[in-house]
Amino acid sequence: MAGRVDLDGNPIKPMTICMIGAGGFIGSHLCEKLMSETPHTVLAVDVYSDKIKHLLEPTSLPWNGRIQFHRINIKNDSRLEGLIKMADLTVNLAAICTPADYNTRPLDTIYSNFIDALPVVKYCSENGKRLIHFSTCEVYGKTIGAFLPEDSPLRQDPAYFVLSEEASPCIFGPIEKQRWSYACAKQLIERLIYAEGAENGLEFTIVRPFNWIGPRMDFIPGIDGPSEGVPRVLACFSNNLLRHEPLKLVDGGHSQRTFIYIKDAIEAVFLMIENPARANGHIFNVGNPNNEVTVKQLAEMMTQVYSKVSGETPLETPTVDVSSKEFYGEGYDDSDKRIPDMTIINRQLGWNPKTSLWDLLESTLTYQHRTYAEAVKQAMSKTTTN
Ligand SMILES: NC(=O)c1ccc[n+]([C@@H]2O[C@H](COP(=O)([O-])OP(=O)(O)OC[C@H]3O[C@@H](n4cnc5c(N)ncnc54)[C@H](O)[C@@H]3O)[C@@H](O)[C@H]2O)c1
Ligand SMILES: O=c1ccn([C@@H]2O[C@H](COP(=O)(O)OP(=O)(O)O[C@H]3OC[C@@H](O)[C@H](O)[C@H]3O)[C@@H](O)[C@H]2O)c(=O)[nH]1
């Protein structure tokens with residue numbers, strides 16, 4: 001831990017980080033690594049702490065005193081400004097960020113991703129504090145290529161689909177497609193942060209994650225989350241595999257995504273935290289362009305890997321098609337393809353992702369099986385006996 005230096009060889013001083021949304025998927029991984037590998041202190045703000053409980057107790061943990069949990073809802077708590085003032089850096093992760101909510105709870109989605117983030121930006125700007133704000137790859141929306149004829153050769157040209165921070169437009173569907181409420185709220189908060197930087201000198205970094213996945217992502221419905229809840233695709237498919245039921249392919253599973261292992265992505269955030277001179281004023285794509293699959297291919301890979309790690313034989317028909325209206329309800333729409341341009345993060349931070357999709361699925365599904373298989377079996381046997 002001693003002798004940490006930044007990318008330019010300068011010693012890194014211990015800092016205090018106010019992390020909002022620290023109890024979520026990404027926050028839990030960030031806190032874990034900050035505690036085990038750095039001397040930094042974390043003021044962890046969230047309404048939930050289950051995913052970081054192992055870092056808070058018992059008091060004999062080696063980092064005792066370096067992480068404090070504050071159960072605060074940032075919508076309405078006057079303690080927030082005090083915590084931001086105490087910190088050198090604020091990392092804001094708090095958000096509603098599951099697609100099933102965007103079209104069914106659009107008001108909550110917009111408030112969470114725009115209105116609730118406003119005071120955080122304001123307190124950082126007024127108090128001269130640095131901000132790392134989590135946005136999303138969804139701000140790009142659809143690719144330009146999606147609007148070309150199906151057989152156009154230009155669809156193969158990266159200029160029509162690779163998503164670049166400095167060049168790509170943000171293309172959303174019509175207002176009645178409420179799917180885009182999240183992307184639009186995130187885009188507006190990005191623009192506000194950028195303007196605070198330009199007009200008032202706010203030191204900021206904006207992160208655009210491209211489908212980060214790994215252990216502790218979301219919840220398994222009926223086990224550690226609501227039984228009717230719809231998490232993101234990794235947890236949906238994990239749930240299907242754990243219950244030995246077919247994986248549901250929304251509208252045929254033709255959409256494409258690039259998935260990155262959470263541990264690779266966290267390395268990038270570390271570089272941003274510890275290299276302000278290289279990260280301030282930038283927007284960074286963080287993803288793995290080498291791990292592109294269709295959702296259908298993801299389902300096939302997860303089925304194969306789960307069978308390997310659990311020893312269970314896959315179903316004869318492992319997937320089933322479902323319409324987006326049936327699965328998500330009215331107002332759903334989708335991003336067709338998401339390949340991040342890595343030029344800026346490479347140039348500024350020299351960062352590259354490492355883990356292949358096969359490897360990250362193997363470690364993640366091993367975790368899912370170990371954590372949930374028994375609980376799911378018990379829950380299913382209770383339902384059949386009742
Ligand atoms: N995981 C990804 O692949 C991904 C992709 C794109 C963008 N993001 C962005 O990264 C951030 C973190 O995502 P995540 O995957 O860890 O999600 P998550 O849902 O696991 O974590 C978000 C955390 O914020 C907390 N939170 C929400 N509203 C709050 C409030 N009002 N007060 C206090 N705490 C509140 C939640 O309780 C939760 O623990 C989000 O801003 C999300 O939009 C994530
Ligand atoms: O059971 C399922 C769940 C999801 N899907 C599909 O799988 C794809 C990926 O779904 P995810 O739930 O991971 O969500 P998306 O990739 O669309 O959006 C995510 O992207 C970036 C972040 O901002 C958010 O975490 C979220 O909006 C979508 O095409 C979705 O329709 C299925 O086919 N079956």
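Source: prediction; values computed, not measured. In listed order, ligands and their atoms are each counted from 1.
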Tell me whether [X] reaches ligand 2 (any heavy atom closer than 4.0 angstrom to a ligand atom).
X: Q256; answer: no
X: C97; answer: yes
X: K186; answer: no
X: Y332; answer: yes
X: P99; answer: yes

Sidechain-backbone polar pair: [X] side chain, [Y] backbone, donor-acceptor under 3.5 Å:
X: N73; Y: K75; answer: yes
X: S125; Y: V121; answer: no
X: S356; Y: D359; answer: yes
X: D264; Y: N352; answer: no
X: T258; Y: R338; answer: yes

Parallel, tilted or perpendicular, as decided by the 30° and 60° cut-offs, for the rings of [Y] and [X]:
X: H29; Y: F25; answer: perpendicular
X: Y102; Y: Y182; answer: parallel
X: Y306; Y: H369; answer: perpendicular

So, is [X] polar-close to ligand 2, with some N/O to N/O distance under 3.5 Å?
X: V250; value: yes
X: V233; value: yes
X: Y102; value: yes

Which atoms of ligand 1 are found less than 4.0 Å from any heavy atom of [X]?
X: V47; value: 33 (C), 34 (N), 37 (O)
X: G23; value: 39 (O)
X: K186; value: 40 (C), 41 (O), 42 (C), 43 (O)
X: G21; value: 23 (C), 24 (O), 25 (C)
X: Y48; value: 37 (O)

How close does the nearest protein non-hydrogen atom get to [atom], and which residue and atom is it?
atom: atom 9 (C) of ligand 1; value: S135 O, 3.5 Å
atom: atom 21 (O) of ligand 1; value: G24 CA, 3.4 Å
atom: atom 39 (O) of ligand 1; value: D46 OD2, 2.7 Å
atom: atom 44 (C) of ligand 1; value: I26 CD1, 3.7 Å
atom: atom 34 (N) of ligand 2; value: K248 O, 2.7 Å
atom: atom 12 (C) of ligand 1; value: L93 O, 3.4 Å
atom: atom 27 (C) of ligand 1; value: A95 N, 3.6 Å
atom: atom 31 (N) of ligand 1; value: N73 OD1, 2.8 Å
atom: atom 19 (C) of ligand 2; value: E138 OE2, 3.5 Å
atom: atom 19 (O) of ligand 1; value: C97 SG, 3.7 Å

* To do: Have a look at ligand 2 and work out which part of F237, if any, has a heavy atom under 4.0 Å from it: side chain, backbone, both or neither.
  =>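 The part of F237 near ligand 2 is the side chain, not the backbone.
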* Asked: Under a 4.0 Å heavy-atom limit, does N211 contact ligand 2 with its side chain, its backbone, both, or neither?
  ->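 Under 4.0 Å from ligand 2, N211 contributes side-chain atoms alone.
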* Asked: Between CZ of F210 and OG of S335, what distance do you get to the nearest 0.5 Å?
  ->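 These two atoms lie 9.5 Å from each other.
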* Asked: How many angstroms lie between CG in N211 and OG1 in T136, if you round to the nearest 0.5 Å?
  ->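 If I round to the nearest 0.5 Å, the distance is 8.0 Å.
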[X] and [Y] ion-paired at < 4.0 Å:
X: R216; Y: E32; value: yes
X: K296; Y: E300; value: yes
X: E330; Y: K177; value: no
X: R278; Y: D8; value: yes

For ligand 1, is there an atom lying under 4.0 Å from some heavy atom of [X]?
X: S112; answer: no
X: A22; answer: no
X: Y182; answer: yes

[X] atom [atom1], over 12 foreign heavy atoms within 6.0 Å:
X: I115; atom1: CD1; value: yes
X: Y194; atom1: OH; value: no
X: F270; atom1: CZ; value: yes
X: R191; atom1: CZ; value: no

* To do: Of the side chain and backbone of N211, name the one, both, or neither that has a heavy atom under 4.0 Å from an atom of ligand 1.
  =>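 Contact part for N211 vs ligand 1: backbone (N, CA, C, O).
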Proximity winner for [atom], if only heavy atoms of [options] are counted:
atom: atom 33 (C) of ligand 1; options: D77, V45, I72; value: I72
atom: atom 26 (N) of ligand 1; options: A265, A185, A94; value: A94
atom: atom 14 (P) of ligand 1; options: H133, R232, K75, M217; value: R232
atom: atom 6 (C) of ligand 1; options: G214, P209, G287; value: P209

* Asked: Taking the six-membered ring of Y140, is NZ or CZ of R208 closer than 6.0 Å to its centre and within 45° of its axis?
  ->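 Verdict for Y140: a cation-pi partner in R208.
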* Apply the side chain to side chain donor-acceptor pair (under 3.5 Å) test between E292 and each candidate in R257, Q297, K337; give the one that qualifies. =>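 Result: among R257, Q297, K337, K337 is the only option passing the side chain to side chain donor-acceptor pair (under 3.5 Å) with E292.
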With only distance considered, is [X] within less than 3.5 Å of ligand 1 through an N or O on each side?
X: K51; answer: no
X: F25; answer: yes
X: I74; answer: yes

